[in-house]
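Written out below as structure tokens is the structure these notes cover.
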Amino acid sequence: MESEQLFHRGYYRNSYNSITSASSDEELLDGAGVIMDFQTSEDDNLLDGDTAVGTHYTMTNGGSINSSTHLLDLLDEPIPGVGTYDDFHTIDWVREKCKDRERHRRINSKKKESAWEMTKSLYDAWSGWLVVTLTGLASGALAGLIDIAADWMTDLKEGICLSALWYNHEQCCWGSNETTFEERDKCPQWKTWAELIIGQAEGPGSYIMNYIMYIFWALSFAFLAVSLVKVFAPYACGSGIPEIKTILSGFIIRGYLGKWTLMIKTITLVLAVASGLSLGKEGPLVHVACCCGNIFSYLFPKYSTNEAKKREVLSAASAAGVSVAFGAPIGGVLFSLEEVSYYFPLKTLWRSFFAALVAAFVLRSINPFGNSRLVLFYVEYHTPWYLFELFPFILLGVFGGLWGAFFIRANIAWCRRRKSTRFGKYPVLEVIIVAAITAVIAFPNPYTRLNTSELIKELFTDCGPLESSSLCDYRNDMNASKIVDDIPDRPAGVGVYSAIWQLCLALIFKIIMTVFTFGIKVPSGLFIPSMAIGAIAGRIVGIAVEQLAYYHHDWFIFKEWCEVGADCITPGLYAMVGAAACLGGVTRMTVSLVVIVFELTGGLEYIVPLMAAVMTSKWVGDAFGREGIYEAHIRLNGYPFLDAKEEFTHTTLAADVMRPRRNDPPLAVLTQDNMTVDDIENMINETSYNGFPVIMSKESQRLVGFALRRDLTIAIESARKKQEGIVGSSRVCFAQHTPSLPAESPRPLKLRSILDMSPFTVTDHTPMEIVVDIFRKLGLRQCLVTHNGRLLGIITKKDILRHMAQTANQDPASIMFN
């Protein structure tokens with residue numbers, strides 16, 4: 001409840017405008033049309049940034065409830081840009097919270113005045129539920145559209161349905177009476193490209209023609225996707241989750257959640273998935289849902305004018321995104337809570353739950369997979385798991401942790417190389433090369449040629465009497481003494497061994513290509529490729545354990561559970577556990593991941609194996625580095641993100657981190673009643689700082705408050721226009737009472753109303769771990785350092801990020817946002 005007390009303190013102590021410090025990235029670094037560069041030495045002392053004309057700084061109506069002088073009372077009309085933030089700035093969580101409370105009190109105080117005010121009050125109360133309802137509806141509809149379009153375009157690489165061009169392969173053969181059980185995917189209505197172009201269905205010529213057309217369509221889709229992203233919406237590339245995490249922590253990235261990004265990401269996501277690249281659509285669907293939430297929030301003033309409230313909608317939207325990506329509404333809510341959200345109050349939990357429910361309902365109504373399920377790979381296993389199987393499950397967890405650690409290091413190294421070399425300047429060429437290599441290698445292997453989601457479905461599926469996959473090519477043992485199940489464990493046939501070799505090759509291919517694919521300039525998710533790698537490894541392990549149990553059922557580990565003729569081992573379950581382990585190793589998710597996997601597979605009985613594998617993968621991955629892939633990309637891009645999961649264990653003090661340092665110029669400060677208008681204007685013109693501490697006098701250095709550059713400029717300009725007698729030699733007074741002045745002196749200018757009377761302060765002996773906690777939990781951007789009430793310096797968010805990088809033996813300049 002510390003934050004609540006601080007919110008109240010900031011509001012009631014004549015400083016609503018105070019806590020509303022200027023907007024900026026890190027420490028109010030600012031620049032209208034200027035690229036933020038955290039590496040300049042001039043930034044380091046205070047809150048810096050170019051203050052070009054037209055830059056929007058954050059400011060609210062100064063003064064407390066009982067204040068008689070308000071800055072905006074001096075002005076006849078509102079100032080454009082007041083209360084908004086510029087691009088690449090961090091929001092002030094405390095100010096936004098106070099602003100929302102003031103709005104809420106104002107509405108409540110007026111609601112009994114008339115029926116219209118009561119209606120406005122009800123509309124305001126229900127607007128939160130309305131915006132998440134709209135977000136859920138849009139997310140579900142777009143996810144259904146993407147699923148249907150991606151399935152159709154994926155099959156387009158292999159052929160076309162002549163009877164109905166809009167049908168994919170499976171739909172084309174649904175109504176045919178000429179299909180057989182063994183060849184259920186073949187029907188006269190579906191024509192491969194070889195049949196259409198050269199009139200051959202079989203033979204070397206047919207294979208080569210289909211190979212060529214597969215590569216042609218893959219390259220066409222990839223080229224179209226990267227071209228659309230490059231020309232219309234550069235922010236539509238990648239997964240989007242690292243940026244969503246950063247935005248939810250309070251950072252502003254204009255256009256990242258805009259309508260153009262939404263439109264292009266939806267189109268290019270279909271193209272990227274259909275091109276056969278080693279990527280998934282689940283991560284980008286979270287970005288798409290957040291775009292919907294951001295766009296709908298502008299319909300409601302409660303959210304459009306308050307960045308902190310808007311982030312509550314975005315948290316709910318991210319839950320809806322995972323809900324439709326995996327058909328896992330509960331998992332989506334937990335994902336939002338565990339992985340992406342920075343501020344997650346209880347009401348946001350309820351609204352996230354509701355948004356996920358609405359999105360899942362819409363997707364189920366659309367039924368994109370034609371199986372009356374929310375997901376493609378829903379499975380039902382009919383045998384329980386046995387205690388001895390925990391050992392191979394934990395081994396899969398170890399594999400998942402090792403894969404995650406390898407992938408993070410390899411992918412970050414490749415992305416860093418892309419940023420630092422000329423290769424990164426040709427994103428279209430890179431996508432074409434990756435797509436070409438993927439298509440050329442993928443086509444000969446039936447498991448890599450498959451759509452990745454279809455591959456996972458096949459690997460998860462248990463072998464039943466109706467399965468015709470080569471993975472189910474077992475030899476029927478007619479001499480079994482006791483038939484316990486319809487399908488007992490059986491010796492593997494030639495098809496199974498052939499499939500294992502193909503799966504081993506597919507595993508190597510997926511591991512290598514995913515490293516180079518994640519981060520290219522098309523929408524690319526990581527969930528599905530990681531799950532595919534784990535599912536392949538899991539299925540191979542499952543078949544190995546199954547055959548071991550069959551041939552050595554008298555071993556002591558099998559003797560108690562695996563009788564001859566019993567259905568003891570389920571290889572599909574191992575695929576499911578492996579998929580969860582590998583995804584956990586890459587993302588370091590735990591609770592939400594287990595819930596997502598059992599929701600998307602229906603394997604509620606198998607929670608314990610899933611938990612064991614996911615926890616093991618996290619422990620093994622953490623042994624090589626505590627960062628998940630999303631945190632690693634945030635750090636690579638230098639976003640100002642203080643990760644709540646990251647521990648600060650060093651014993652430094654605030655005095656060790658604050659500015660100015662020993663060789664730095666002194667802190668630029670204002671005195672409360674000894675400066676003239678000209679003095680303040682000269683300081684504003686000579687410095688680039690966005691804020692100035694106000695002290696009693698240069699001698700005492702006693703802290704009075706904090707004034708923003710933007711506020712000072714507006715107040716002085718306004719006073720000169722609208723108050724008579726204000727000239728350059730007028731004394732500026734921040735104190736409550738104006739000091740006595742000679743009779744001939746010009747009229748003083750009172751600016752107490754724009755002064756933050758309660759800036760956040762710490763003493764010079766405050767441990768830095770406490771300072772870091774304050775910045776994380778209150779979303780601060782700067783904090784003043786005092787000693788016995790005397791001002792010593794300032795600590796900004798950038799200073800903390802730089803200090804944390806130095807303590808981790810990293811180059812601070814390499815991780816600051818630029």
Side-chain angles (χ1 to χ4, degrees), residues 379-403 459-464 467 471-472 474-475 477 479-493 496-497 499-500 503-504 507 531 533-585 590 593-594 597-598 601-621 623:
V379 293
E380 290 179 346
Y381 303 129
H382 303 291
T383 54
W385 63 277
Y386 300 105
L387 193 61
F388 74 85
E389 291 182 282
L390 273 181
F391 180 68
F393 292 153
I394 288 172
L395 281 181
L396 286 172
V398 172
F399 172 77
L402 292 173
W403 147 252
L459 294 169
F460 280 9
T461 304
D462 194 16
C463 286
E467 292 300 325
L471 280 170
C472 296
Y474 289 90
R475 286 181 291 154
D477 187 0
N479 299 321
S481 59
K482 182 181 177 184
I483 302 296
V484 178
D485 265 81
D486 292 333
I487 307 293
D489 285 349
R490 298 162 292 167
V496 173
Y497 290 116
I500 287 177
L503 285 176
C504 288
L507 180 64
M531 290 179 70
I533 288 166
I536 293 170
R539 187 75 185 211
I540 293 170
V541 171
I543 293 172
V545 173
E546 180 190 46
Q547 295 305 299
L548 204 61
Y550 177 80
Y551 286 110
H552 303 282
H553 55 82
D554 54 340
W555 285 9
F556 75 95
I557 57 171
F558 301 128
K559 188 182 294 183
E560 190 174 339
W561 295 284
C562 295
E563 300 178 31
V564 177
D567 185 9
C568 178
I569 307 295
T570 307
L573 171 61
Y574 286 74
M576 183 174 82
V577 172
C582 281
L583 185 52
T590 52
L593 175 58
V594 170
V597 172
F598 85 68
T601 58
L604 190 60
E605 186 181 347
Y606 306 101
I607 280 187
V608 173
L610 289 171
M611 291 173 71
V614 168
M615 210 62 240
T616 305
S617 74
K618 178 172 172 56
W619 286 334
V620 172

Provide the closest heavy-atom pair for [X] versus [Y] in the form atom of the first, atom of the second, distance.
| X | Y | result |
| --- | --- | --- |
| Ser617 | Gly400 | CB-C, 4.1 Å |
| Cys582 | Gly534 | SG-CA, 3.3 Å |
| Ile569 | Ala549 | CG1-CB, 4.0 Å |
| Tyr574 | Leu396 | O-CD1, 3.5 Å |
| Arg539 | Phe460 | NH1-C, 4.3 Å |
| Glu389 | Pro384 | OE1-O, 4.3 Å |

Problem - Phe399 side chain reached by Ile533 side chain, heavy atoms, under 4.5 Å - result: yes

Problem - Pairwise side-chain contact, Val577 with Tyr606, heavy-atom cut-off 4.5 Å (strictly under) - result: no

Problem - side chain to side chain contact (heavy atoms under 4.5 Å, CB included) involving Phe391 - partner list, sequence neighbours excluded - result: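 Listed in chain order: Leu395.
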
Exercise for the section: Please indicate whether Met615 has more than 12 foreign heavy atoms, meaning atoms of other residues, nucleotides or ligands, lying under 6.0 Å from its CE. Expected result: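 Enclosed: over 12 neighbouring heavy atoms sit under 6.0 Å from CE of Met615.
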
Enter the distance from [X]:[atom1] to [Y]:[atom2] here, rounded to the nearest 0.5 Å.
| X | Y | atom1 | atom2 | result |
| --- | --- | --- | --- | --- |
| Trp619 | Thr590 | CH2 | OG1 | 11.0 Å |
| Met611 | Phe598 | CE | CZ | 10.5 Å |
| Leu459 | Ile540 | CG | CD1 | 9.0 Å |
| Ile394 | Thr616 | CD1 | OG1 | 5.0 Å |
| Leu593 | Met531 | CG | CE | 8.0 Å |

